Amino acid sequence: MDRAIVGISASPGIVLGHVHLLRWEVPEVPHHIIPDEEVEREILRFHKAVETAKERLQQVCERAERHAGPEEAAIFEVQLSILDDAELTGRVESYVRQNLGAEKAFDLVLLEWRQHFARSTVHMMRERVGDLTDVHIRVLSILLGLPDHDPVDVKKGSNAILVTHDLTPSLTVQLDREAIVGIATDSGTRTSHVAILARSLGLPAVVGLRDAVARLRGDEYVVLDGSSGMLIVNPSAAEIDAFRNRAVVEAQTEAELIKSADAEPITTDGVRITIRANVDLPDEAEQAAHSGAEGVGLMRTEFLVVGRASMPDEEEQYRSYKRVVEAFGGHPVVIRTFDVGGDKLPVGGYPTEANPFLGWRAIRMCLDEPALFKVQLRALLRAALHGDVRIMLPLVVTLDEVREARRLLDECAAELSERGTPFKRDVPLGIMIETPAAVIAADSFVDDVAFFSIGTNDLVQYTLAVDRGNVNLAGRFTPLHPAVLRLIKRTVDVAAQHGLEVSVCGEMASQPLMAFALIGLGLRSLSVNPRAVPLVKRIVRGLSVSFATEAATAALQARTAADVERHLRVRLLAAFGDAAFLRDGVI
């Protein structure tokens with residue numbers, strides 16, 4: 001093996017292919033002085049580069065519209081308008097007439113604009129900094145004769161493995177699943193959005209590689225091992241055979257698990273565990289519905305918002321929710337209201353926050369922006385006519401937030417009734433338990449909500465004070481920490497005392513060892529990544545609740561996450577032996 005770049009397993013699977021290296025960063029520009037007689041020719045060269053950039057953006061825009069829809073494609077309409085700005089081109093021409101090369105002239109103007117927009121007190125201007133950066137990169141790459149790395153250019157069937165620093169919204173909407181077979185990023189952790197998106201798309205992924213972009217040149221033949229978190233560069237023939245054999249075994253294991261997708265998730269001592277799916281994009285609904293899941297335990301609606309040029313209106317949201325609800329034919333669909341901060345919205349005048357995880361986001365933002373929130377609530381009430389919709393509020397820490405949300409929901413019902421729009425009035429309202437505060441005060445919510453759902457991704461983050469997206473802290477993000485398990489147990493106990501349904505919808509439930517622990521802690525409803533549904537069913541059908549409870553009780557007494565893992569692993573292996581389906585999924 002020439003090189004092995006080690007990262008974090010984000011989405012399982014083994015794929016072989018050539019690197020499609022995406023260095024989406026502003027290149028260094030040499031300072032070049034031109035003689036007077038070349039000024040007009042240089043200005044013409046600049047305008048040709050702009051026209052080429054506009055042609056490329058139009059292609060990207062059209063492709064994004066086909067793959068992701070017109071709203072997402074609007075990102076590139078904004079960038080096209082920047083290139084049409086007469087002030088921008090005039091400023092560049094002015095610098096060229098002062099004998100600067102076109103590359104340096106354009107570079108200086110875009111740097112000035114980006115700094116000006118970044119300092120603006122107007123949120124919409126600050127939001128344009130990302131678009132300016134994209135335009136900066138694109139035009140300079142053309143002027144400097146650098147390779148065009150747009151994902152849009154990857155040919156179908158080329159088995160390309162996308163390697164980049166991070167997968168931004170403007171890059172994500174360009175992904176062609178028929179061309180890209182795997183994703184590798186320098187940044188990210190197992191619970192970062194790129195990892196969640198990769199699992200939703202069914203693409204093997206490794207994140208947290210740190211320096212893969214710097215170490216690779218592009219077009220290398222690599223093995224991406226999403227199961228163990230490695231990118232192997234220029235593997236030998238023997239190593240390729242070994243990975244292909246492993247891929248075949250994994251595929252056979254997955255095929256065997258899929259056969260049991262429709263099996264009843266009942267433990268050996270007769271306890272039924274409800275297994276639902278997490279859904280990120282409406283496009284995934286039909287596929288998720290065939291995973292064997294009994295509905296949706298978490299639909300993340302922020303993917304309808306992030307990276308767009310405008311907010312989705314009521315009609316668009318209604319269609320998106322309706323599509324998911326109808327795909328699951330009467331099974332419960334739990335839809336989480338927007339879990340984003342003002343920095344991710346395409347509207348508003350919100351300040352940039354130093355620590356957005358502890359800032360103005362989720363239910364806080366929604367309650368402070370009732371006009372925006374009510375558009376979503378009206379769409380949800382309308383979609384509820386088509387099935388069993390349940391509304392879930394994220395990051396709730398006080399009962400006042402629940403009561404204010406219910407007041408707005410009642411206002412939305414009155415507004416729909418007044419305009420004669422059909423809707424369902426009595427939609428269950430629940431909350432996500434994501435902070436220690438919500439756990440400790442869980443009993444204060446029981447008379448005002450219909451259900452609890454434990455969001456383990458954020459519960460771990462807030463309990464351990466570990467940023468879930470920080471690759472430097474990935475080893476400290478330990479869902480099996482005794483404190484986390486004890487908070488989960490308290491939530492389950494409070495719900496049981498008051499007859500409330502409680503589920504887990506974080507990534508924790510998708511992993512066998514952790515699903516085992518959750519069942520032992522008293523959970524009877526789990527929501528997992530659609531691809532993990534057959535695996536979790538296999539775990540459920542192979543053990544008894546009494547056995548899981550005994551294991552979880554021992555784990556609760558442990559002092560460290562390592563001790564918890566050891567207790568659980570020994571018992572799970574005792575139940576299943578060295579089963580193939582556990583090898584890459586125990587932790």
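If you're wondering where the values come from, they're calculated on a predicted model, not measured in any experiment.
- Atom CE of M432 sits about 7.0 Å away from atom CG of D458, to the nearest 0.5 Å.
- With rounding to the nearest 0.5 angstrom, the CD1 atom of I363 is 4.0 Å from the CZ atom of F373.
- Results of the side-chain contact (heavy atoms from CB on, under 4.5 Å) test with L523 over T274, V492, I273 single out V492 as the only residue that passes.
- Judged by distance alone, the side chain of E404 and the main-chain N or O of L367 form no donor-acceptor pair under 3.5 Å.
- In this structure, the side chains of L521 and L556 come closer than 4.5 Å at one or more pairs of heavy atoms.
- A donor-acceptor distance shorter than 3.5 angstrom exists from the side chain of H481 to the backbone of A483, with no hydrogens or angles considered.
- Interatomic distance, F423 CZ to L385 CG, rounded to the nearest 0.5 Å: 8.5 Å.
- No more than 12 heavy atoms of other residues, nucleotides or ligands shown are found within 6.0 angstrom of CZ on R476.
- The shortest distance between side-chain heavy atoms of R571 and F516 falls below 4.5 Å.
- S320 contributes a side-chain N or O that, together with a main-chain N or O of E316, makes up a donor-acceptor pair within less than 3.5 Å.
- Looking only at distances, no side-chain donor or acceptor of S291 sits under 3.5 Å from a matching main-chain atom of R531.
- A heavy-atom distance below 4.5 Å is not found between the side chains of Y321 and R382.
- Although no hydrogens or angles enter the test, the distance criterion places no donor-acceptor pair under 3.5 Å between the side chain of S527 and the main chain of V504.
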Enumerate donor-acceptor pairs with a distance under 3.5 Å from any side-chain N or O in residues 388-396 to protein atoms, sequence neighbours excluded.
unit_1 : atom_1 : unit_2 : atom_2 : d
D388   : OD1    : R390   : NE     : 3.3
D388   : OD2    : R390   : NH2    : 2.9

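- When all heavy atoms of G506 and T456 are compared, the closest pair comes out as CA-OG1, 3.1 Å.
- Distance check: L416 CG to R425 CZ gives 9.0 Å after rounding to the nearest 0.5 Å.
- Distance alone, capped at 3.5 Å, places no donor-acceptor pair between the T478 side chain and the L480 backbone.
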Distance-only donor-acceptor hits, side chain of residues 542-549, under 3.5 Å, sequence neighbours excluded:
unit_1 : atom_1 : unit_2 : atom_2 : d
S544   : OG     : S546   : OG     : 3.1
S544   : OG     : F547   : N      : 3.0
T549   : OG1    : V545   : O      : 2.7

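- Put simply, the side chain of S510 gets close to the backbone of N529: a donor and an acceptor are under 3.5 Å apart.
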Stepwise salt bridge (Lys or Arg N to Asp or Glu O under 4.0 Å) test for E501 and R524: CA-CA 9 Å; E501 178 182 325; R524 299 296 176 261; over 6 Å; no
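- When side chains are defined from C-beta on, H498 does not count as touching F452, because their heavy atoms never get closer than 4.5 Å.
- Legend: residues meeting salt bridge (Lys or Arg N to Asp or Glu O under 4.0 Å) with R403, ordered by chain and number and at least two apart, are D448.
- For T491 (side chain) and V439 (main-chain N/O), no donor-acceptor pair under 3.5 Å exists by modelled atom type.
- The shortest distance between side-chain heavy atoms of I266 and R272 falls below 4.5 Å.
- Proximity of a side-chain donor or acceptor of D166 to a complementary backbone N or O of G188 within less than 3.5 Å is not detected.
- Remark: H386 engages Y318 in a ring-ring contact (aromatic ring centres under 6.0 Å, His included) (not counting sequence neighbours).
- Contact detail for H567 and A554: the closest heavy-atom pair is CD2-O, 4.2 Å.
- Residues passing the salt bridge (Lys or Arg N to Asp or Glu O under 4.0 Å) test with E550: none are found, sequence neighbours excluded.
- Judged purely by atom type and a 3.5 angstrom limit, T398 has no side-chain atom pairing as donor or acceptor with the backbone of E401.
- Evaluation of the salt bridge (Lys or Arg N to Asp or Glu O under 4.0 Å) rule for R323 yields D283, E286 as partners, not counting sequence neighbours.
- Note that the CD atom of E294 and the CG atom of L526 stand 11.0 Å from one another [nearest 0.5 Å].
- Distance check: R490 CZ to L485 CG gives 16.0 Å after rounding to the nearest 0.5 Å.
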